[in-house]
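Accompanying notes for the structure given below.
Chain letters run A, B, ... following the sequence lines, proteins first, then strands; residues in each count from 1.
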There are 2 protein chains.
Amino acid sequence: MSDVARAAGVSLATVSKVINGRYGVAQATVERVQQVIQELGYEVSLGAQSLRSHRTNVLGILVAEFEPFSTELLKGASREVAGTGYQLLAYSGGDGDVAAIGWERRSLARLSGSLIDGAVIVTPTVVETKQGFHVVAVDPHTGPSGLPTVDSDNFAGAVLATNYLLSLGHRRIGHISGRPDLESARLREAGFRKAMADADVPVDESLVRVGGFRIESAAGTAAELLTLADRPTAVFAGNDLSAISTIDVARNMGITVPDDLSVIGFDNVPESALVNPPLTTIMQPLQRMGAEALRLLIDLIGGVDRDTHIRLPTELVVRASCRPYAPAWRRLPLSTRPASTGD
Amino acid sequence: MSDVARAAGVSLATVSKVINGRYGVAQATVERVQQVIQELGYEVSLGAQSLRSHRTNVLGILVAEFEPFSTELLKGASREVAGTGYQLLAYSGGDGDVAAIGWERRSLARLSGSLIDGAVIVTPTVVETKQGFHVVAVDPHTGPSGLPTVDSDNFAGAVLATNYLLSLGHRRIGHISGRPDLESARLREAGFRKAMADADVPVDESLVRVGGFRIESAAGTAAELLTLADRPTAVFAGNDLSAISTIDVARNMGITVPDDLSVIGFDNVPESALVNPPLTTIMQPLQRMGAEALRLLIDLIGGVDRDTHIRLPTELVVRASCRPYAPAWRRLPLSTRPASTGD
DNA sequence: TTGAAAGCGCTAACAT
DNA sequence: ATGTTAGCGCTTTCAA
C-alpha cells in the first residue's frame with residue numbers, strides 16, 4: 001500500500017480512504033490513486049484489513065472436510081453469493097482425524113473476529129456463538145439450539161423412504177442408523193419406526209443397527225445384517241454413504257441388489273447416481289440448503305428481521321436399487337420353481 | 001492471547017513461544033500455559049498470525065466459483081491434505097460476473113504474502129507468480145507456462161471421444177468447442193480433427209462451432225447446429241455442460257437423444273450421470289487431479305525436487321447418450337420402412 | 001527461562 | 001482535502 005501511496009504522491013491514509021470509498025477525498029485524487037492501483041495491480045491484504053477493521057466482506061463456510069455433502073452446499077452458496085458483494089471462503093478445519101470433535105469451534109475461533117464477517121457451519125455438533133458475530137448452522141447434529149438453522153425434514157423423509165419399501169411389499173425391513181447422538185440420525189430412525197407402526201408392521205429390533213453414517217463403519221453393520229439367518233429383504237440406510245456401503249457388502253456376499261435385496265438411502269448426493277445399481281434415495285435439496293443458509297446469514301448481518309429456522313422438504317428419488325418384494329422361490333429361474341400355488 | 005498470558009501469569013511472548021513450540025520455555029510453564037489455553041478455548045487468529053509470521057500451515061485453493069468441476073478437485077485435495085498438518089482454505093474470488101477476468105490475480109494478491117503458504121489455482125488464465133510463493137495451476141487456460149501444472153490429456157481424450165463416435169458409424173460429426181483462447185478447448189478441437197483425419201473423414205466446417213463451455217452459450221450453438229438442413233448425426237461437445245445443454249436443446253426441438261442424435265461430452269462431472277439420458281463422456285480424473293495438485297504444492301513448499309508437470313490420462317465413460325448410426329429411415333417404425341435393400 | 005518492545009499492512013480518529 | 005498516528009493480535013529479536 002505504501003508503494004501505491006508513494007507512486008500517487010499521497011499518504012497511506014488517503015489510499016485507504018480511496019480503497020474504502022470514504023468521503024473527503026478530492027475527485028482528482030481518487031482517480032489518480034485508482035489509476036496507480038490498477039497499474040500496480042495492488043490488492044489489500046485480507047489478513048491485515050481484517051485485523052484492523054473487522055469487516056472484510058468475506059463470508060465463511062466452515063466444514064470438517066470437503067466431501068459430497070458439503071460441496072453440494074458450497075455450490076448452492078456460491079450461486080447465491082453472486083452479486084451480493086460478498087466473497088466466499090470455505091475452510092476445512094478437520095485434521096483428517098474424522099472423529100475429531102471441536103473442529104467447528106476451533107475453525108470459528110481462528111477465523112471469526114477477523115477475516116470473515118459471518119459463517120455458515122456445516123453439520124456442527126456444538127457451537128457457542130460469539131456475541132455480535134453471526135453464524136448459521138446447516139443440519140446441526142444436535143438439532144435446532146438457539147442458533148439460526150437450515151435443515152431438511154429428516155423425519156418426513158424417513159417416513160417417505162419406509163413407506164416406499166412398504167409399498168413394494170417388503171415387511172422385513174432393516175435400518176442402518178447414524179450415531180444416536182446426532183439429531184438427524186435420531187429423526188430418521190424415528191420416521192422409520194413411525195411408518196412401520198402406521199403400517200402395522202412390527203419392527204424387528206435385530207434389524208435396526210447403528211452404522212455411523214460412514215462407509216467403513218456402515219460396512220460392518222451391513223455385514224451383520226446380511227449374515228442374519230432371517231435377513232431383511234430391504235434396508236433403509238441412514239444416508240447414501242451407508243447405502244452405497246451396503247450395496248458393496250451385499251455384492252461381496254453374492255447378494256444381488258435389487259433382486260435379492262432392496263436398498264434405499266438418504267441425501268441424494270451426486271455419487272448416489274453413479275453406483276451400480278443407481279441408488280434409490282431420499283433427496284435433501286442440498287444446493288438449495290446452501291443457498292438458503294447463505295441468504296439467511298446475509299440477512300442476519302444486514303439486520304433483516306426474519307425467520308431464522310428453515311426446514312426444507314425431502315423427496316423420494318426412484319432409481320434402481322429397490323424392487324417389489326418377492327419370496328425367494330419366485331426369484332429362481334422359472335424352470336426350477338416349485339409348482340405355482342397361485343400366491 | 002493476552003487473556004491467556006494473564007491467566008497463566010506469564011507474558012505474551014511466552015504464550016506465543018508455547019503455541020509455536022519454540023525452545024527456551026520451562027516444561028512447567030509450557031504445561032501451565034497449555035492448560036489455560038484449553039480452558040479458555042483459545043485459538044490464534046489466522047489473520048494476525050499470518051500478518052506477522054508469513055507461515056500459517058494453511059494452503060489455498062483459488063477458484064472462480066464453486067461449480068462441479070472445482071468442487072471435484074476440492075474433494076481430491078481434501079483427501080490428500082489429511083494428515084499433512086496443513087488445513088485447506090478454498091476461496092471463490094469470482095464476483096458472479098462470469099467473464100470477469102483477473103480473479104486469479106486478485107485472489108492471489110489478497111491472500112498471498114499472508115494467510116496461505118501456497119496456492120492451487122483452478123483454471124487460471126494468467127498468473128504472475130510472486131517470488132518465494134508457491135503456486136500450482138490446475139488445467140490452466142493458456143497451457144503450461146513456466147508454472148507447475150496439473151492437467152489431463154485433453155488431446156488424447158478428444159481423440160478417444162471422436163473415435164468412439166466414428167466406431168459407431170457416425171460420419172457427420174459436429175463439434176461444439178470452448179473459447180479458442182483456452183488451451184484445453186484448442187486441444188480438444190485438435191484431437192477431434194486428428195481423429196477425423198486419421199479416419200479419412202473430412203470435417204465439415206459448418207459443423208464446428210464455438211460454444212464457450214457454458215450452458216447458455218452452448219445452447220445457442222447447439223441450436224444452430226441442429227437446425228442445419230443437413231444436421232450432424234453426432235455431436236462431440238467440448239465439455240459436459242455443453243453436452244447437457246445440447247441434449248436439452250435437442251429435446252426441445254423434438255430430436256431424441258440418442259435415437260436421432262448421439263452426444264458425447266468431456267469431463268465426467270457427477271452431473272453428467274444425472275441427466276436423461278445419462279451422458280457418455282470422457283473422464284478427467286478430477287479428484288485425482290486435485291490430489292496431485294495439492295501434493296505437488298506441498299512438495300514445492302517442502303523443497304522437494306520433482307517433476308512439476310503432471311498430465312493425467314483420460315478415459316471413455318460409456319453411458320447412454322450415443323448409439324450406432326442408422327440412416328433416418330432405419331429409425332422409422334418397422335411397418336413404415338421402405339423395402340429393405342440389404343444395406 | 002522470561003519479558004519488553006518493535007513492527008507486519010492496514011484503518012480510523014484526530015490534526016492540520 | 002489530506003496527513004499523522006495509534007493500535008488491531010501476533011511473532012521475534014534482544015535484553016534482563
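We find that CD of E43(A) is positioned 14 Å from C1' of dC10(C), with the value rounded to whole Å. Atom pair R55(B):CZ and dT12(D):P shows a separation of 11 Å (rounding to whole Å applied). One interatomic measurement links the two molecules: CZ of R6(A) to P of dG3(D), which rounds to 14 Å at whole-angstrom precision. Nucleotide dC8(C) holds its P atom 14 Å from the CE atom of M1(A), rounded to whole Å. Atom CZ in R32(B) sits roughly 14 Å away from atom P in dT1(C) (whole-Å rounding). Atom CG in L115(B) sits roughly 17 Å away from atom P in dC8(C) (whole-Å rounding). Atom P of nucleotide dC10(C) and atom NE2 of H54(B) are separated by 10 Å, given to the nearest angstrom.
Nearest heavy-atom pair, S184(A) versus D139(A), reported as atom, atom and distance to 0.1 Å: CB-OD1, 3.9 Å.
Within a 6.0 Å radius of CG in D305(A), other residues, nucleotides and ligands contribute 12 heavy atoms or fewer.
Between R214(B) and E65(B) there is a salt bridge, with a side-chain nitrogen of the basic residue lying less than 4.0 Å from a carboxylate oxygen of the acidic one. E183(B) and R186(B) are joined by a salt bridge, as a carboxylate oxygen and a charged side-chain nitrogen come within less than 4.0 angstrom of each other.
Between T14(B) and the phosphate of dT2(C), there is no side-chain N or O to OP1/OP2 separation shorter than 4.0 Å. Look at Q49(B) and you'll find a side-chain N or O under 4.0 angstrom from OP1 or OP2 of dT11(D). Put simply, S45(A) has no side-chain N or O that comes within less than 4.0 Å of OP1 or OP2 on dG9(C).
Residue S2(B) is out of contact with every strand shown, counting any heavy-atom pair closer than 4.0 Å. Backbone-only engagement by T29(B) is indicated by non-hydrogen atom pairs under 4.0 Å involving sugar-phosphate atoms exclusively. No engagement by Y23(B) is indicated, since no non-hydrogen atom pair under 4.0 Å with the nucleic acid exists.
Side-chain proximity of L51(A) to dC10(C), dT2(C), dC8(D): nearest is dC8(D).
Nearer to the 5' terminus of DNA chain C, by closest-nucleotide assignment, is the contact made by S11(B) (compared with the other of A48(B) and S11(B)). Both A26(B) and Y42(A) lie near DNA chain C, and the one whose nearest nucleotide falls closer to the 5' end is A26(B).
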Checking salt bridge (Lys or Arg N to Asp or Glu O under 4.0 Å) for the pair R110(B)/E43(A): CA distance, chi angles, key distance, verdict? CA-CA 6 Å; R110(B) 221 146 172 231; E43(A) 289 290 324; 5.0 Å; no

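Put simply, the side chain of L286(B) reaches to within 4.5 Å of the side chain of F69(B), judged on heavy atoms. Looking at L147(B) and P140(B), their side chains never come closer than 4.5 Å, going by heavy atoms from C-beta outward.
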Between protein and nucleotides 12-16 of chain C, what N or O pairs are separated by less than 3.5 Å?
| unit_1 | atom_1 | unit_2 | atom_2 | d |
| --- | --- | --- | --- | --- |
| dA12(C) | OP2 | R22(A) | NE | 3.4 |
| dA12(C) | OP2 | R22(A) | NH2 | 3.0 |

